[in-house]
Undergrad: 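Can you read through this structure? Questions will come right after.
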Amino acid sequence: MLATLSIKNYALIDHLNVSFTNGFTIITGETGAGKSILLGGLSLILGKRADLSSLRDKTKKCIIEAEFEIDKYHLKSFFNDNDLDYESKTIIRREILPSGKSRAFINDSPVNLAILSNLGERLIDIHSQHQTLQLAEDDFQLKVIDALAGNKDILKTYNNKLAAYQLTKKELEKLLVFQQEANKEHDYNSFLLKELGEAPLKEGVVEELEAEYEQLNNVETIVEHLSKGHQILNDEQVGAINLLTELKLASGKLASYGNEFSTINERIQSVFIEVDDISNELQLLLEKTEANPQLLGEINEKLQLLYDLLKKHNAADVSELLVIKNELSEKVSVSENIEGTIADKQQELVTQEKELNILAKKISDKRIKVLPSLKKQLENSLASLGMASATFLIEIKHSLTFTKNGKDELTFLFSANKGGDYGLLKKVASGGELSRIMLTIKSILAKYESLPTLMFDEIDTGVSGEVSGKMGDIMVDMSKTMQIFSITHLPQVASKGEQHYKVYKEERAGVTHTNMKKLTAEERVVELAEMLGGKDLSDSAIAHAKELLQ
């Protein structure tokens, strides 16, 4: 429910602050008084794009604020999903800055226009004559039928499964495309994988092979230097080991003469052991170092293979080749097993399609069941609005395509006259007839689902006084369970309201301002009398106004 509305610096409105109650509220005013300005300001709260030209004073910002009582709207999940603070009395604020920038807030949390518009749709439905075109849309017509059929929950389940079904279809399409590409590349990828599989791929293998290659490729040089080293150590006359043996004997004789000599002796003993060990090691290296042209060739082949693979795959090292090998292995594996994956996905699609068909059938059956009731309610209600000959032809046929509304094709035709041809609403119904049909449908919807605040903007235009009174009665009946606003030029409708507001213009210091006030009982009589007979009030107009109010 819209509880309060505040508008500052918008069009001809300097500052407007008004409170509303539940029930049926009437808004009247002369043509050009600013009722459209009021709706324009309200639409900004509901997410309409802002226009800098709407600022009254271009140097100040425009602020529009509305408070809504939202306890009955089941919106906690919406607030949670959008990370907003839920308040039973929620305040929406919109600001238009002189720079042209616009800001929106819900309970002081900044939001974008998409969120604001989404919430606005759940709070207020502003209905004007041009919006009767919505009547011709299949989505709207099915929404009415589904409200009567109680299809809300099953449609939610259906749409969740439809989303999953559409996702599965996309995944299957991708798999089929991948299969085509994979089949083309399978042989080549298998060849590359085989080539990498035959190579000695492991971390550090290139460095190991290069070191081994260097040894085998320089055997003569290595043997020469090993022999020279062994000779230096083991020469019978001046070999290092012989000299160290004499040194060891000499230091051994000194060891008993004190700690200093003992320490020196120990160090010399250690050096002798180390050098002797080196001599043995050199001997072993000499014995096992020999030319092996065959092994050298094998190592060279391995290195060349690795060098070629690194270059071929533009890899920096063997670790990158291992990653490429794993990727190729996965591609080949997927390619070889893709048919099974596709078969599984196709079976999943078949299962989902069966589930959707079952749900679509239930939705359709429930729709067909309520069509006679909808037809009867529409025709009875329109008869009371001066359209006694109006009839509808509503049929549902099954289609082969899944849509968000199920698998139904709807025929929703209208005839205003007895014996007349049936046709589409937008082609055969006049503006006044469309307005009455829309009001009738909204009133039917209100019985079956919780609607937001409804604001009818001159929906009664083009109808007679008697019919407009009946339209007013329908709005009064709707207002027993929801908040209804009616912007009207007809006194027969205006007299039905529980509260009555007037939009008017006034001049202050040579400047025109639009304002709005709640009328007292006496002011309502005057307003209705002026609507009946003009500014020059007659006794009969006053009497008629009082009669309407009674």
Side-chain angles (χ1 to χ4, degrees), residues 1-18 20 25 27 29 32-58 60-70 73 75 78-79 81-82 84 90-135 137 139-140 143 435 438 442 451-459 461 483-487 501 503 514-516:
M1 175 188 119
L2 176 62
T4 65
L5 177 65
S6 171
I7 302 176
K8 295 179 182 178
N9 194 36
Y10 179 75
L12 295 179
I13 297 175
D14 183 35
H15 187 190
L16 174 67
N17 197 357
V18 61
F20 302 105
T25 298
I27 299 175
K35 297 187 294 297
S36 62
I37 294 173
L38 181 70
L39 286 178
L42 186 59
S43 68
L44 289 175
I45 285 291
L46 304 179
K48 181 183 176 184
R49 293 202 171 274
D51 184 354
L52 188 60
S53 63
S54 59
L55 268 66
R56 180 177 179 87
D57 183 341
K58 306 296 184 187
K60 298 178 181 178
K61 67 181 177 181
C62 163
I63 302 175
I64 302 173
E65 188 171 282
E67 181 183 299
F68 294 88
E69 294 178 7
I70 64 171
Y73 292 154
L75 291 172
F78 174 88
F79 279 73
D81 292 345
N82 291 285
L84 296 169
T90 283
I91 296 175
I92 300 177
R93 187 171 78 257
R94 188 81 183 274
E95 298 179 356
I96 308 170
L97 307 179
S99 64
K101 290 184 178 180
S102 166
R103 299 185 299 192
F105 303 86
I106 297 175
N107 292 332
D108 285 330
S109 294
V111 295
N112 58 38
L113 285 189
I115 293 175
L116 186 64
S117 178
N118 199 339
L119 178 61
E121 290 174 0
R122 301 161 189 248
L123 297 178
I124 295 187
D125 178 4
I126 299 178
H127 178 77
S128 56
Q129 264 205 316
H130 73 273
Q131 285 176 305
T132 50
L133 295 176
Q134 187 183 28
L135 280 170
E137 298 172 0
D139 283 355
F140 181 77
K143 179 183 176 183
S435 293
M438 178 58 95
K442 293 278 187 180
L451 295 179
T453 291
L454 282 177
M455 185 170 286
F456 293 107
D457 180 17
E458 300 184 1
I459 193 173
T461 300
Q483 188 182 40
I484 300 289
F485 288 86
S486 178
I487 298 173
Y501 292 83
V503 178
T514 286
N515 216 325
M516 181 178 181

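Just so it is clear, the structure is predicted and the values come from calculations on it, not from any experiment. Position 1 is the first residue of the sequence, and the numbers go up from there.
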Undergrad: If I compare all heavy atoms of Ile64 with all of Gly41, which pair ends up nearest, and what's the gap?
TA: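 Where Ile64 meets Gly41 most closely, the heavy atoms are CD1-O, 3.5 Å.
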Undergrad: Taking atom CD1 of Ile70 and atom CG of Leu75, what is their separation to the nearest 0.5 Å?
TA: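 Here the rounded value is 5.0 Å.
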Undergrad: So, for Ala11 and Ile37, which heavy atoms are closest and what is the spacing to 0.1 Å?
TA: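 Here Ala11 and Ile37 meet closest at CB-CG2, 3.7 Å.
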Undergrad: In the structure I gave you, are the side-chain heavy atoms of Met438 and Phe456 within less than 4.5 Å of one another anywhere?
TA: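 Answer no - side chains too far apart.
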Undergrad: Quick one: does Phe485's side chain get under 4.5 Å of Leu2's, heavy atoms only?
TA: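 A side-chain contact exists here, since the closest heavy-atom pair is under 4.5 Å.
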Undergrad: Hey, are the side chains of Arg94 and Leu113 touching, using non-hydrogen atoms and a 4.5 Å cut-off?
TA: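 Arg94 vs Leu113: side chains touch.
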Undergrad: Using a 3.5 Å distance criterion without hydrogens, assess whether the side chain of Ser435 forms a donor-acceptor pair with backbone atoms of Ile459.
TA: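 Yes, the answer is positive, given that a donor and an acceptor are paired below the 3.5 Å cut-off.
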Undergrad: With no hydrogens and no angle check, is any side-chain donor or acceptor of Asn9 less than 3.5 Å from a backbone partner on Asp14?
TA: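 No, the answer is negative, given that no donor and acceptor are paired below the 3.5 Å cut-off.
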Undergrad: Measure the NE2-CG distance between His15 and Asn515 for me, rounded to the nearest 0.5 Å.
TA: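 Those atoms lie 10.0 Å apart.
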Undergrad: Which heavy atom of Leu5 sits nearest a heavy atom of Ala66, and at what distance?
TA: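 Nearest heavy atoms, Leu5 then Ala66: CD1-CB, 4.1 Å.
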Undergrad: Indicate whether any N or O donor in one side chain lies under 3.5 Å from an N or O acceptor in the other, for Thr453 and Gln483.
TA: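 A donor-acceptor contact under 3.5 Å links the two side chains.
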Undergrad: Atom OG of Ser43 and atom CD1 of Ile124: how far apart are they, to the nearest 0.5 Å?
TA: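 The OG atom of Ser43 sits 10.5 Å away from the CD1 atom of Ile124.
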Undergrad: Given side chains that start at C-beta, do those of Arg56 and Leu12 come closer than 4.5 Å, heavy atoms only?
TA: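 Yes - at least one pair of side-chain heavy atoms lies under 4.5 Å apart.
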Undergrad: Is there side-chain contact between Phe68 and Leu119, with heavy atoms separated by less than 4.5 Å?
TA: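 SC-SC contact between Phe68 and Leu119 ruled out.
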Undergrad: Counting C-beta onward and ignoring hydrogens, is there a side-chain heavy-atom pair between Cys62 and Glu95 closer than 4.5 Å?
TA: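 No - every pair of side-chain heavy atoms lies 4.5 Å or more apart.
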Undergrad: To the nearest 0.5 Å, what is the distance between CD1 (Ile126) and CD1 (Ile487)?
TA: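 It comes to 7.5 Å.
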Undergrad: Side chain to side chain contact (heavy atoms under 4.5 Å, CB included) for Tyr73 and Arg122? Distances and angles first, verdict last.
TA: CA-CA 8 Å; Tyr73 292 154; Arg122 301 161 189 248; 6.0 Å; no
Undergrad: So do the side chains of Leu123 and Ile45 get within less than 4.5 Å of each other, counting heavy atoms only?
TA: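 No; the side chains remain at least 4.5 Å from each other.
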Undergrad: Report the distance from atom CG of Leu451 to atom CG of Asp125, rounding to the nearest 0.5 Å.
TA: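 Here the rounded value is 7.5 Å.
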Undergrad: Assess the residue pair Tyr10 and Leu16 against the criterion (side chain to side chain contact (heavy atoms under 4.5 Å, CB included)); give the C-alpha distance rounded to whole Å, side-chain angles, the decisive distance to 0.1 Å, and a yes or no.
TA: CA-CA 9 Å; Tyr10 179 75; Leu16 174 67; over 6 Å; no
Undergrad: To the nearest 0.5 Å, what is the distance between OG (Ser109) and CD1 (Ile91)?
TA: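 These two atoms lie 12.0 Å from each other.
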Undergrad: Check whether Lys35 reaches the backbone of Gly29 with its side chain - one donor and one acceptor, N or O, closer than 3.5 Å.
TA: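 At least one qualifying donor-acceptor pair exists.
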Undergrad: Could you go through Ile13 and Met516, starting from their C-alpha distance and side-chain angles, then the distance that decides it, and tell me whether this counts as side chain to side chain contact (heavy atoms under 4.5 Å, CB included)?
TA: CA-CA 10 Å; Ile13 297 175; Met516 181 178 181; over 6 Å; no
Undergrad: Carefully, step by step, assess Leu84 and Asn107 under the rule side chain to side chain contact (heavy atoms under 4.5 Å, CB included).
TA: CA-CA 8 Å; Leu84 296 169; Asn107 292 332; over 6 Å; no
Undergrad: Looking at Lys48 and Leu44, what are the two nearest heavy atoms and their distance?
TA: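 In terms of heavy atoms, the two residues are closest at O-CD2, 3.6 Å.
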Undergrad: Contact between Arg93 and Asp108 at the side-chain level, heavy atoms closer than 4.5 Å - yes or no?
TA: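 Contact flag for Arg93/Asp108 side chains = yes.
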